[in-house]
Amino acid sequence: MNDRHLIVLNVNGEDHEALVEPRKTLLDVLRHDLGLTGAHAGCEHGVCGACTVLVDGEPVRACLVFAVQAEAADIRTVESLGRDGELSDLQEAFREHHGLQCGFCTPGFLMLAEGFLAQQPDAGREEIREALSANLCRCTGYQTIVDAVAATAARRLDTERETAP
Amino acid sequence: MSDAAPQFDGRGGRWVGASVPRREDPRLLTGRGRFVDDIQLPGTLHASFVRSTVAHARITGIDLSATLAVDGVVAAYTAADLDLGDIVALLDRPPEEFAPTAMPILAREKVRFVGEPVALVVARDPYLAEDGAELAVVDYEPLPAIVSEETALAENAPLVHEEAPGNVLLDVSMFDTPGVDEAFADASGCVVEVVTRSGRQNALPLETRGVIASWDDHDDQLLVQMCTQVPHQVRTALARSLRVPERTVRVTVPDMGGGFGQKCVVGREEIAVAAAARRLNRPVKWIEDRREALTAGFLAREQRYRTRAAFDADGRITALDVDIVCDMGAYSCYPFTAGIEPLMASAEMPSVYQVPAYRVRARAITSNKAPTAPYRGVSRPQYVMAIERVMERAARELGVDPLDIRRRNLITRFPYTGVNGITYDPGTYRESLDLAEATLRDEGWYELRDSAAAEGRHIGIGFCCFSERTGYGSEAFAKRKMTVVPGFDISEIRMDTTGSVVVTSGTVNHGQSHETTLAQIVADRLGLHVDQVKLRQGDTERIAYGWGTFASRSVTIGGSAVALAATRLGELLCRIAAHLLDTSPDNVRLDGDGGVVQIDDPGRRASFEEIADVAYLRSHLLPKDVEPTLTATASFDVPGDGTFSNATHAVVVEADPGTGGVTILRYACVEDCGVVIHPKVVDGQCRGGIAQGIAGALFEEVTYADNGEPSAASFIDYLVPTATEIPDITVSHLETPCAFTENGAKGAGEGGTIGAPAAVLNAINDALRHTGVELDTTPVHPQTVLAALDAAADREMSVPS
C-alpha cells in the first residue's frame, strides 16, 4: 500500500510528475503535490463537490479518484479559467451576481458549471438548477449561483449567434 | 467599476449603499484564495485524532504502541502526555443556577460522547497519521448514555459530569413578573399551550475546522494559523491552556470557508495540535474531516419549549409562561458557556410582541452527545418558532386571522421597553408584516391556496414576524454574567506615503464581505476611492484585542469602530492640511476626493498624498504639536441593550399527502437592518440564512441511538439542501437607521435563519389545516407528515359521528 508510483498528470495543459502512493486521491495530489489549491476538500466522500475538476471535459469529484487513475487524462482545474489575469465570463458572472460569499465551494461550482455548459449550452434555468444541485453551498442559498450560470449561458448563446456566419 | 457605478446615497456618502464589486472575489474565483489547508510550511507534520467510539465510558487503558510502530508516525499523545490546562467557561452565577464544568483538551479518565478526542497522532503525512490513529487501542468501561431530556433529567440518572447534579448545567428563572397567574385565571379569550421542539443541527461550514501551528524562533512565538471567527479569544485560551504569556502566541486567520458560529468558540483539537507543534518544534497541521465535523464538531439547536399563553377576548396576549430545556451536549463551550442558548431565549422570548406578564424557566442540560456552540441565530429560531406557533394556535382558537392576531400584539411604538427589561429601538414590525402580506396577496397566492384546497391539494401560507438583537455590546453581554465579556471592537487606520490607507479591524471575514463593506465605510468617511482602502483582519498581532465576527456584530460594532478611526484620521489630516495651507483648522474640510480643501478659498487644497508626503518624508514641515504618524485608533461599543433588526418572512408551501414531501413554492422576506451598506451583500446574507433555516425546518438533524451513537456521520445521513430544495427568495428592504451605531446599520447576518423555521412550519400547518394535523417539531421530514396524517385519520375514524 505504501509503495510509490511515479505518475505524470496532464493538468491545465501541462505535464506534472508526482511520486504517489496508489491510495492518494487526485484531489490531494493536485493540492499538495502540485500546489494547485483551488480545488477544495469539503467532504472527501463525493457529495459536496468542492473538489470538482474536469477530467476529459467531465465534471468529476477529485476526492473520489485516485491520482494513479487519472494518468493519460486531460485534467482542468479552476486555475485554468481566465486568461492573463482577467476573469473568465463565468467568473465575472459569479462576481456580478454575488454568486459567492466565503468562496470555499466556488471553484467546485465553477468547474461544475463549466463542464455542464460545455455539454448543454442551451440549458434553461431549471436545468441549470438541477445540474448545480450536484454541489453544496452553505452561504448563498444557491439563487445567485443559478443566476450567474444562467447569465453566462445566455451571454454565450448570444455571442455564438452574433458570430455565426 | 462600470457595472456598479457608485451612487451618492443622500446621506453624504457615495460608496455606502452601492453594490460595489466585492474586493475579495478575484482571488476566490481564481483558486488563489488561501484557506488553512492551502498553507504549506516546510517540514510540516500532520495530526489525526483517536476518537471515542462509545458515548459514555471510563477509560481503563490506552495503548499507542501499534500506533507508534507505524512507519512515518512521529509522536502520539494522551491527555497525560500533553498535560494541558482544561478549557473552562464560567458564568458568575450562584451554584443553584450554574454548575461549572471543564472540557479537557484530550479526554481524561472518562469519555462523554462518540467522537471525543482521546489521543493525538502526529505523522509525516495525513494518510499515515490516520493509519496510526486507527491502530490505537483504547479500553473502555461503558457507562449508561444520556441521550435525551428524559434520560438526563430522570431521577438518579447517571451523571455526565460529577459537578453537574441532575445533569443540569444551568437552571435560571430570569423573569417571574407580577400578574402571570392572575392573567391565566382571568383569560377572557383563551389559554393555549404549545410544545415546540427543534432537532440538533450542525452549522456546517463547508470548510471544516483546521489549524497549522508552528514555532517561530525569530518572533519567539507560536504561530497558529487557523480557521476561527475569534482569533483573540483563541489566543487567550491557548495561552492559558499552555500556561504561557499571551505574547508568545499569535493567531492568524486566512480565508475561511464559513463559520456560522461553529467557529466562534475555542475547540480542543486546535489547542492539542498547537501543543504538539511546540513540543516537536515542527509545524503540525490538522484538517478536520467531514466525519469528524459531523460527529465531533460543535452542534446546536436541540431545544424544547413548553409555552403557555393567556389571551383576552380581543386576542391580546396577557401573559406568557415558558419552560425551556436546551440539550447542550457533553461540554460547555468557551467563552459563552452552556448558558448561551437558555439565557438568550429567556431574555428575548417575548419577541416582537407586547407581553404584559412573563414567567420563564430555562435549563441547559448536559448529555452524551457532541457539545454545542452558538449557531447563526442562537436560540432565536427556536423561541421565535415557539411564540409564532402560539400566535397561530390562539388565532385558531379565537377564530381570528393569524395575521390580525399578530397585528394586535406587535410592538408599534418605539423605543419600547418590554417586560423583559429590554429596550427595543425603532423598527418596522408592523410595516414589514403589511408588506409581506401584500406581496403574497398581490401575487394571488391566497386564491391559489383556496382553489387548490378544492382540488385536494395541500397548499399553505405561513408567516413569521421577529426581531433579532444585533450589536451586542459589552453591556448587553455582561447581563449574561459570563466571566469573559465580549462587546467592543477596536480599529486602527494607517495612511501610507501615497495617501492610501490600511484599516485593521478585530473582525474576521468568512463570507460576509468585510473587505468590501468596511472599505466602503472608510472610503466615505475620508473621501477616498474604495480601491485605496485595504482591510486587514484576523491577526492577533495587528490589534490589541478584537472580538471577531459573530452575533451580526461586524458592521454594527466593527464597522462603527472603523468609521470612528477614519473620522479621527480625517481630523488629523485636516490639522496638517490647515498648517500647510497656512489657515486655521476651522477653515478646512475633507473634500470627498482624496484631499483637504480650504473652505473660504476652494481653489486651495492639499491632497492626501501631499499631506502624507510631508508627514513621513519631510516631517520638519509638520505643525510642532503633530507627531509624524498618520494613524488613528478607535474603539466602539454599543451601549445598552444593543439594536434590533426586524423582518417578516412569508412562505407558501405544498405538502404532498402521498409522499409527505414539502415543496416551497414562494418565499418572500421583508427585512429592516437599518442602513444598508451593500445591498447585494445584505440580500446574500438573508438568502443564505433562509436556506439554513429551511434546512433546519425540513432536512437537517443529528439524532442519536439509545447508546449514544450519532445517526449522521456523512452527507448520506445528514441532508444538506441543494439548489433544487432552496427556492428563489425575494428580499425587500425597509430602512430604519440605527441611532446607536456610527453608520446607522444594524446586523444582518442571522435574520434569515431565525425566521425561516417558524414561517415554514406555519405554512405546513396551514397546508394541512383541513386534515386535523398540527406539527410543532422541526425538522418536518416526509415521514413526519405521513405519520401525522395517518394519526389524524385514525382520530377521525375513532370519533363517533
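Residue numbers begin at 1 in each chain, while the letters A, B, ... track the order of the sequences.
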Exercise for the section: Answer with side chain, backbone, both or neither: which region of B/Gln512 has an atom nearer than 4.5 Å to a non-hydrogen atom of chain A? Expected result: neither
Practice task
Heavy atoms only: give me the nearest B/Asp131-A/Arg23 pair and the separation to one decimal.
Solution key: OD2-NH2, 2.7 Å
Exercise for the section: Nearest 0.5 Å please: distance from the CG atom of B/Leu206 over to the SG atom of A/Cys48. Expected result: 5.0 Å
Handout entry: Contact winner vs chain B - A/Cys43, A/Gly38, A/Gly99, heavy-atom pairs under 4.5 Å
Key = A/Cys43
Practice task
Could you tell me whether the side chain of A/Cys139 reaches within less than 4.5 Å of the side chain of B/Phe260, counting heavy atoms only?
Solution key: yes
Problem - Minimum side-chain heavy-atom gap A/Gln101-B/Gln685 below 4.5 Å - result: yes
Problem - Segment of B/Ile690 engaging chain A (4.5 angstrom heavy-atom cut-off) - result: neither
Practice task
Verify the neighbour count for atom CD of A/Glu127: are there more than 12 heavy atoms of other residues, nucleotides or ligands below 6.0 Å?
Solution key: yes
Handout entry: Portion of B/Leu294 that has a non-hydrogen atom of chain A nearer than 4.5 angstrom
Key = neither
Problem - Student check: side-chain heavy atoms of B/Ser714 and A/Val47 closer than 4.5 Å - result: no
Handout entry: Exceeds 12 heavy-atom contacts within 6.0 angstrom, atom CD of A/Glu17
Key = no
Completion exercise
Turns out that what part of B/Asp289 lies under 4.5 Å from chain A's heavy atoms comes down to both
Practice task
Would you kindly say whether A/Asp28 and B/Tyr127 are connected by a side-chain donor-acceptor distance under 3.5 Å?
Solution key: yes
Exercise for the section: Indicate the ring-plane relationship of A/His40 and B/Phe35, choosing parallel, tilted or perpendicular according to the 30° and 60° boundaries. Expected result: perpendicular
Problem - Leading residue by heavy atom contact count with chain B [cutoff under 4.5 Å; candidates A/Glu126, A/Glu79, A/Lys24, A/His97] - result: A/Lys24
Fill in the blank from the handout: The interface call for A/Thr144 against chain B, heavy-atom contacts under 4.5 Å, is side chain
Problem - Heavy-atom neighbours of B/Arg34 CZ exceed 12 at 6.0 Å - result: no
Exercise for the section: Check whether any side-chain heavy atom of B/Leu28 lies under 4.5 Å from a side-chain heavy atom of A/Thr106, and answer yes or no. Expected result: no
Problem - A/Glu160, CD atom: more than 12 neighbouring heavy atoms under 6.0 Å - result: no
Handout entry: Beyond-backbone contact of A/Arg138 with B/Val720, side-chain heavy atoms, under 4.5 angstrom
Key = yes
Exercise for the section: Below 4.5 Å from any heavy atom of chain B, which atoms of A/Leu87 appear? Answer side chain, backbone, both or neither. Expected result: side chain
Problem - Polar contact flag, side-chain donor to acceptor under 3.5 angstrom, B/Asp25-A/His98 - result: no
Problem - Structural part of B/Pro727 lying under 4.5 Å from a heavy atom of chain A - result: backbone
Exercise for the section: Select one option (side chain, backbone, both, neither) describing which atoms of A/Gln91 are under 4.5 Å from chain B's heavy atoms. Expected result: both
Fill in the blank from the handout: Interatomic distance, CD1@A/Ile145 vs CD1@B/Ile726, rounded to 0.5 Å, equals 11.5 Å
Completion exercise
All heavy atoms of A/Gly141 vs all of B/Ala691, minimum pair found to be CA-CB, 3.7 Å
Problem - Donor-acceptor contact present, side-chain B/Arg687 to main-chain A/Gln143, <3.5 Å - result: no
Exercise for the section: Let me know if B/Ala203 has heavy atoms under 4.5 Å from chain A in its side chain, its backbone, both or neither. Expected result: backbone
Problem - Heavy-atom side-chain contact between A/His32 and B/Pro126 under 4.5 Å - result: no
Problem - Part of B/Glu207 lying under 4.5 Å from any heavy atom of chain A - result: both
Problem - Side chain / backbone / both / neither for B/Asp37 at chain A, heavy atoms under 4.5 Å - result: both
Practice task
Identify which of A/Leu136, A/Thr140, A/Val146 forms the greatest number of heavy-atom pairs closer than 4.5 Å to chain B.
Solution key: A/Leu136
Completion exercise
Here the gap from B/Glu725 atom CD to A/Tyr142 atom OH, rounded to the nearest 0.5 Å, amounts to 8.0 Å
Practice task
Taking the side chain as every heavy atom from C-beta outward, state whether A/His45 and B/Arg290 have any pair of such atoms under 4.5 Å apart.
Solution key: yes
Problem - Separation of A/Leu100 CG from B/Glu24 CD (nearest 0.5 Å) - result: 8.5 Å
Problem - Where B/Thr208 and A/Gly42 come nearest, the two heavy atoms and their spacing - result: CG2-O, 4.4 Å
Problem - From B/Thr724 atom OG1 to A/Leu132 atom CG, the distance as rounded to the nearest 0.5 Å - result: 10.0 Å
Exercise for the section: Would you mind reporting whether A/Phe104 and B/Asp255 have side-chain heavy atoms less than 4.5 Å apart? Expected result: no
Problem - Option that, when pairs with chain A are counted at under 4.5 Å, heavy atom only, ranks first among B/Gly684, B/Ala723, B/Gly688 - result: B/Ala723
Problem - Approximate separation, where rounding is to 0.5 Å, of B/Leu29 CG and A/Phe109 CZ - result: 13.0 Å
